[in-house]
Amino acid sequence: MYILGINAYHGDAAAALIKDGRLVAAVEEERFNRIKHSAGFPVKSIEYCLSAAGIGIDDVDHVGISRDPSAHLHKKVLVAAQRAAKQMVGSQYHLRERVGPTGKPAVEHAPENADRMSALPASNGNGSGVLRQVADRLRNAARVGDLGVELANALNVSPSDIRAKSHKIEHHRAHLASSFFVSPFERAALLSLDGFGDFISTMWGLGEGNSIEVLGQVEYPHSLGIVYTATTQFLGFPHYGDEAKVMGLAPYGRPRFIKAFRDIVRTEKDGQFRLNLDYFRHAAEGVDMTWNEGSPVIGKIYSDEYASAFGAPRRAHGELTDRDRDLAASLQLRLEEVAFHILNHLYRETGLSALGLAGGVAYNSVMNGKILLNTPFRNVFIQPAAGDSGTALGVCYQIWNQLLRQSRGEVMEGSYTGPEFKDEEIVTDLKQSGLKFETYTDRDVTKRAARDIAGGAVVGWFQGRLEFGPRALGNRSIIVDPRRADMKDILNERIKKREPFRPFAPSILAEQVGEYFEQTHPAPTMLMVYKIKPERCTEIPAVTHVDGSGRLQTVSREVNPRYYRLIEDFYKLTGVPLVLNTSFNENEPIVCTPRDAIDCFLKTRIDVLYLGNHVVRRN
Ligand SMILES: [Fe+2]
């Protein structure tokens with residue numbers, strides 16, 4: 001039985017395919033169309049998944065999408081009407097919503113586009129806005145209802161060729177499914193944290209065998225993801241996905257604004273939290289969002305209250321001040337406090353020490369790395385595409401395990417579920433490029449690459465299947481020597497052009513983690529930041545952040561034998577069991593094809609390019 005899962009009209013559009021419960025393929029659309037975080041409908045990803053399985057769309061038995069406009073529909077329509085009505089009143093009397101003494105707003109509001117597929121202007125403040133919003137919601141529901149038709153159009157086949165049964169899986173249920181059904185746990189507490197999806201920003205539950213029970217949720221507009229994105233915008237980083245920059249900036253500051261952030265996000269009993277909506281525009285005014293083809297665009301979320309509290313917003317590319325760094329530190333601290341507040345409640349509710357985590361906020365690897373230190377959880381599983389692309393995977397398993405009651409069997413240990421290329425294809429592309437290349441044996445290729453890295457070269461490393469999720473985990477990576485303090489600057493100057501405050505990350509042999517890090521819990525998907533042992537920091541300066549931490553990838557022989565051998569060969573040469581690993585790209589999505597890798601090599605100043613066993617050296 002084949003099940004196709006889709007994330008569409010959200011950031012990081014993606015598709016995943018499973019056969020009889022086994023994961024066959026999963027990939028993000030951005031890797032094909034070369035548009036970062038591409039939204040829209042993931043037609044190329046779907047085509048790839050089908051080709052990886054050697055099937056046509058008519059062979060697929062079930063297809064699902066990770067959104068369900070009918071979920072909470074009555075509430076959405078109700079609050080849309082309330083909001084429009086309030087705007088009418090507000091336009092006459094210039095009323096402004098305030099958060100009451102309980103922390104609860106007098107009126108709750110619909111997310112203008114929280115479950116929308118395209119941008120909508122805010123209501124014009126007359127009664128037609130109510131009707132328009134209701135109509136939009138119904139139209140939206142109908143559009144997702146026609147998933148089979150949409151799929152047929154995208155694949156250029158007749159709708160009668162689609163015999164698959166269609167499913168709409170609520171966004172956070174898809175996140176939770178992705179955090180549990182491919183985890184190694186038989187029972188686990190589960191948490192999904194993001195900006196929003198289907199009117200919800202946070203959902204938690206209990207996974208057991210082939211089913212998940214939802215235990216609690218936080219409704220939009222209250223959202224940790226929104227707070228992080230709003231502050232990221234205020235700090236002059238306007239692009240979708242820029243939150244990672246603020247996380248990297250945070251250790252440079254002091255959390256001297258923590259009191260204000262405790263007012264911006266207020267914790268309540270039973271794991272709940274609420275935003276002080278004075279600080280935000282999304283609830284009262286709506287925010288323009290674009291989820292069509294292209295990178296997602298999100299309009300300004302923070303309100304003038306931010307400037308009242310913190311001064312003028314930083315301009316994009318403006319100078320970074322102590323104020324900015326301290327804001328980042330305060331935001332990060334508050335995120336962690338609230339996340340641990342939810343997690344500690346979840347532990348009390350479930351009594352389980354195993355945790356599955358998902359949602360865009362689960363990309364906050366600094367927060368993740370502190371979970372074991374601040375909660376009773378002892379085992380944490382975060383699948384590599386924890387954000388919205390991973391909901392495509394979650395959809396597949398929500399259908400297979402939860403809806404069809406099939407037993408579990410897949411444990412996702414790596415992220416290597418994307419396209420791979422035959423040796424002949426690589427050779428053809430190399431010949432077409434006109435570049436001179438050598439070919440090594442399997443055994444020699446890692447030895448030679450290790451020698452290049454230890455000799456100070458910047459090495460492009462392209463092997464096997466493309467990774468799913470934002471992290472390059474040793475198949476589409478640029479690798480350099482972590483011992484060289486100048487490597488960060490070299491990478492930035494020659495290739496990455498990133499802000500100088502952002503750290504680079506290490507890949508370390510799994511057995512050696514305790515030699516270099518204060519914590520040893522596996523981090524195979526590079527989604528945990530741990531403190532580096534103080535005595536080791538000067539040994540590996542290129543991967544040591546300003547606060548002595550590192551966002552590590554633990555590499556095991558079983559999951560990626562070739563990458564493991566490369567690091568092992570580097571260890572034999574240098575006595576250091578880790579390398580610096582950054583994604584193979586310039587300032588675009590991670591390379592997918594050999595041709596993409598060759599183009600990146602030609603555009604940048606990578607010294608040596610390894611494509612499988614073939615090696616190109618820059619003269
Ligand atoms: Fe999400």
Side-chain angles (χ1 to χ4, degrees), residues 31 414-416 418-467 471-482 484 487 490-491 494-496 504-507 509 542 553 555 557 559-574 576-586 589-619:
R31 307 291 157 89
S415 67
Y416 313 106
E420 63 184 335
F421 298 86
K422 293 194 188 90
D423 194 61
E424 307 90 87
E425 294 175 282
I426 293 174
V427 168
T428 301
D429 283 341
L430 278 168
K431 284 183 175 162
Q432 273 176 5
S433 72
L435 292 165
K436 272 194 196 157
F437 63 94
E438 299 172 85
T439 303
Y440 301 142
T441 63
D442 276 341
R443 187 61 204 96
D444 274 352
V445 73
T446 54
K447 280 188 186 164
R448 296 292 293 256
R451 206 187 303 165
D452 287 329
I453 296 163
V458 175
V459 167
W461 185 251
F462 180 106
Q463 307 288 338
R465 294 187 76 174
L466 168 71
E467 295 91 341
R471 300 274 100 85
L473 298 175
N475 281 9
R476 300 289 187 279
S477 292
I478 293 172
I479 298 168
V480 299
D481 190 339
R484 288 184 52 161
M487 265 307 166
I490 289 173
L491 283 174
R494 290 205 208 164
I495 303 152
K496 306 294 278 194
F504 285 99
S507 297
L509 299 180
Q553 175 198 0
V555 182
R557 196 190 295 277
V559 175
N560 192 336
R562 181 171 276 222
Y563 191 41
Y564 185 92
R565 211 169 63 222
L566 170 65
I567 304 169
E568 193 178 38
D569 286 339
F570 181 79
Y571 181 30
K572 284 177 190 159
L573 278 177
T574 64
V576 174
L578 60 117
V579 294
L580 183 157
N581 169 15
T582 185
S583 52
F584 197 150
N585 57 348
E586 189 185 14
I590 296 175
V591 299
C592 175
T593 66
R595 188 68 245 176
D596 295 336
I598 292 166
D599 287 347
C600 186
F601 175 75
L602 292 172
K603 268 193 301 190
T604 64
R605 285 160 61 208
I606 293 170
D607 294 306
V608 194
L609 171 62
Y610 284 78
L611 289 171
N613 286 9
H614 309 288
V615 185
V616 183
R617 291 175 187 283
R618 194 180 297 279
N619 287 328

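For this chain, numbers begin at 1 and follow the sequence in order.
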Query raised in the report: Does any N or O in the side chain of Arg562 come within less than 3.5 Å of the main-chain N or O of Val445, such that one atom is a donor and the other an acceptor?
Result: no
Query raised in the report: Counting only N and O atoms by type, is there a donor-acceptor contact under 3.5 Å from the side chain of Arg476 to the main-chain atoms of Phe462?
Result: no
Report task. Could you tell me whether a side-chain N or O of Arg31 sits under 3.5 Å from a main-chain N or O of Pro589, the two making a donor and an acceptor? Result -> no
Query raised in the report: Minimum heavy-atom separation for Asn581 to Gly474, with atom names?
Result: ND2-N, 3.9 Å
Report summary line: One should read off an interatomic distance between Ile495 CD1 and Ser583 OG, to the nearest 0.5 angstrom, of 10.5 Å
Query raised in the report: Regarding Thr604 and Lys496, is there a side-chain donor-to-acceptor distance under 3.5 Å anywhere?
Result: no
Query raised in the report: At what distance, to the nearest 0.5 angstrom, does CG of Asp596 lie from SG of Cys600?
Result: 9.0 Å
Report summary line: Those residues at least two apart in sequence (or on a different chain) that pass ring pair (Phe, Tyr, Trp, His ring centres under 6.0 Å) with Tyr610 are Trp461
Query - Over all atoms of both residues, closest heavy-atom pair of Pro577 and Ile567 - result: O-CG2, 3.3 Å
**Report entry** Euclidean distance, Ile479 CD1 relative to Leu491 CG, rounded to 0.5 Å
**Finding:** 11.0 Å
Query raised in the report: Which pair of heavy atoms, one from Ala454 and one from Asp481, lies closest together, and at what distance?
Result: O-OD2, 3.7 Å
May I have the list of side-chain donor-acceptor pairs in residues 428-435 shorter than 3.5 Å, sequence neighbours left out?
{"residue": "Thr428", "atom": "OG1", "partner": "Glu424", "partner atom": "O", "Å": "2.7"}
{"residue": "Ser433", "atom": "OG", "partner": "Leu430", "partner atom": "O", "Å": "2.6"}
{"residue": "Ser433", "atom": "OG", "partner": "Leu435", "partner atom": "N", "Å": "3.2"}

Query raised in the report: Does some side-chain heavy atom of Tyr440 sit less than 4.5 Å from a side-chain heavy atom of Thr446?
Result: no
Query - Min side-chain heavy-atom separation Leu611-Ile598 under 4.5 Å - result: yes
Query raised in the report: Val559 and Gly414: which non-hydrogen atoms are nearest, and at how many Å?
Result: CG1-CA, 3.7 Å
Query raised in the report: Would you call Gln553 and Arg471 a side-chain contact if the rule is heavy atoms closer than 4.5 Å?
Result: no
Query raised in the report: Side chains of Val480 and Ile490: closer than 4.5 Å at any heavy-atom pair?
Result: no
Report summary line: Heavy-atom closest pair (Val576 atom, Phe570 atom, distance to 0.1 Å) is O-CD2, 3.3 Å
**Report entry** Atom pair CZ (Phe421) and CD1 (Ile426), whose distance is rounded to the nearest 0.5 Å
**Finding:** 8.5 Å
**Report entry** Nearest heavy-atom neighbours spanning Ala542 and Met487
**Finding:** CB-CB, 4.0 Å
Requested in this report: Could you check if a side-chain atom of Val579 sits within less than 4.5 angstrom of a side-chain atom of Leu566, using non-hydrogen atoms only?
Outcome: no
Query raised in the report: Excluding sequence neighbours, so at least two apart, what forms side-chain hydrogen bond (donor to acceptor under 3.5 Å, both in side chains) with Asn475?
Result: Asn560
Report summary line: Sorted by chain and number, sequence neighbours left out, side-chain hydrogen bond (donor to acceptor under 3.5 Å, both in side chains) with Asp423 holds for His614
Report task. Could you tell me whether the side chains of Glu467 and Ser415 share a donor-acceptor contact shorter than 3.5 Å? Result -> no
Query raised in the report: Does a side-chain heavy-atom distance below 4.5 Å link Ile478 with Phe584?
Result: yes
Requested in this report: Apply ring pair (Phe, Tyr, Trp, His ring centres under 6.0 Å) to Tyr416 and list each qualifying residue two or more places apart in sequence or on a separate chain.
Outcome: none
Query raised in the report: With a 4.0 Å cut-off, would you call Asp607 and Arg494 a salt bridge?
Result: yes
Report task. Could you name each residue pair satisfying salt bridge (Lys or Arg N to Asp or Glu O under 4.0 Å) that touches residues 447-456, not counting sequence neighbours? Result -> Asp452-Arg617
